[in-house]
Amino acid sequence: MTRSVTVRVPAKVNVQLAVGGRRPDGFHDLANVFLAVGLYDEVTATPADALTLTCTGPDADQVPLDDSNLAARAARALAARHGLDPHVHLHIAKDIPVAGGMAGGSADAAGALLACDALWGTATPHSELLSLCAELGSDVPFSLVGGAALGRGRGELLEPLPVGGTFHWVFAVADGGLSTPAVYKECDRLRDTAGLGATTADVPDPEPSPALLDALRAGDATALAGALANDLQAAALSLRPALAATLAAGTHAGALAALVSGSGPTTAFLAPDAEAAERIAAALRASGTCRTARATSGPAPGATVLTNG
Ligand code: C5P
């Protein structure tokens with residue numbers, strides 16, 4: 001009998017986040033170029049008498065352990081799909097910054113889906129897992145597949161992208177999180193204030209940058225640095241002006257480029273190589289402009305079963 005299943009799931013950075021206008025359903029159409037990076041959460045599913053949840057890690061106290069937790073919602077959704085009771089204990093070993101713009105909650109949802117599917121022997125087809133992911137959140141399908149992908153629609157319609165090499169990154173973790181809906185709302189407010197309008201009628205359709213896709217395909221960090229773009233950056237900086245000092249500190253330390261990761265407040269720095277990434281991380285930690293800084297690389301694989309038994 002299977003006693004527990006552990007799944008490892010990566011964080012992501014958006015190397016391009018082009019945000020279209022607000023749709024009637026409140027979401028925004030995106031051209032969202034995801035890159036999975038080597039910071040991971042691990043989700044372990046164990047049989048239990050009820051759905052229960054625990055979490056460990058430096059930010060564990062910020063993770064909700066009630067029904068709102070995306071991992072718990074994922075287990076419920078999979079159980080409902082197969083007519084089962086969601087009787088499972090989920091343990092999240094959390095290393096991805098919480099509410100940081102790196103899809104940590106989405107990673108836990110994708111991890112819980114894959115872990116429960118293996119634990120329960122439900123063998124859900126990949127396409128069905130992907131649609132369950134999309135129902136749980138816009139970034140959850142990408143957490144399942146990893147690598148690099150273009151996300152259209154609200155980010156859930158994925159097209160895998162070729163990547164021709166390893167990119168080295170540093171992530172500066174801020175104190176406290178930012179709410180993703182609040183950042184999108186601020187993006188709309190800034191567009192309205194600028195007189196541009198914020199609906200799909202006002203904002204051009206978001207498109208991926210050909211230069212950015214070429215840079216990914218070629219594995220060319222210098223070219224990628226010139227093409228990185230995040231339409232939510234101005235909104236994240238408006239809500240958290242102190243992030244400007246973090247971006248400046250990483251650039252000063254030798255990053256090829258700096259940007260806010262997704263809706264923030266984690267900031268991302270592209271480094272020329274692994275050694276430079278370690279140096280930039282050390283400089284950021286010493287700068288006093290962030291809580292900590294982590295060097296890693298991408299692309300990283302998607303949700304992966306580590307132990308099953
Ligand atoms: O899909 P998810 O639950 O992760 O989205 C969280 C929130 O982020 C949404 O409720 C919405 O406010 C905002 N969002 C958006 N457009 C997207 C994705 C997310 O406005 N494409």
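Given the structure is predicted, the values throughout are model-derived calculations rather than measurements. Whatever order the structure lists ligands and atoms in, that order sets their numbers, starting from 1.
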Numbered atoms and elements of ligand 1 in range of G137, under 4.0 angstrom, heavy atoms: 1 (O)
Euclidean distance, L35 CG relative to L270 CG, rounded to 0.5 Å: 9.5 Å
Residue, atom name and distance, where the atom is the protein heavy atom closest to atom 9 (C) of ligand 1: F27 CE2, 3.7 Å
R154 N/O to ligand 1 N/O under 3.5 Å: yes
Residue pair S209 / Q16, side-chain donor-acceptor N/O under 3.5 Å: no
S263/T180 under side chain to side chain donor-acceptor pair (under 3.5 Å): CA gap, chis, key distance, verdict: CA-CA 6 Å; S263 55; T180 302; 3.2 Å; yes
Contacting atoms of ligand 1, where contact means under 4.0 angstrom from a heavy atom of T180: 8 (O)
Residue and atom name of the nearest protein heavy atom (relative to atom 7 (C) of ligand 1), distance in Å to one decimal: P181 CG, 3.8 Å
Shortest non-hydrogen contact from P208 toward L213: CB-CD1, 4.0 Å
For atom 13 (C) of ligand 1, closest protein heavy-atom neighbour: Y184 CD1, 3.4 Å
contact_flag G26 ligand 1 heavy-atom lt 4.0 Å: yes
Atom indices of ligand 1, in the order listed, that fall short of 4.0 Å to a heavy atom of H28: 15 (C), 16 (N), 17 (C), 20 (O), 21 (N)
Heavy-atom check, side chain of S238 versus side chain of L190, under 4.5 Å: yes
Atom 18 (C) of ligand 1: nearest protein contact (heavy atom, Å): S138 OG, 3.5 Å
Heavy-atom donor-acceptor pair, N230 side chain to G262 backbone, under 3.5 Å: yes
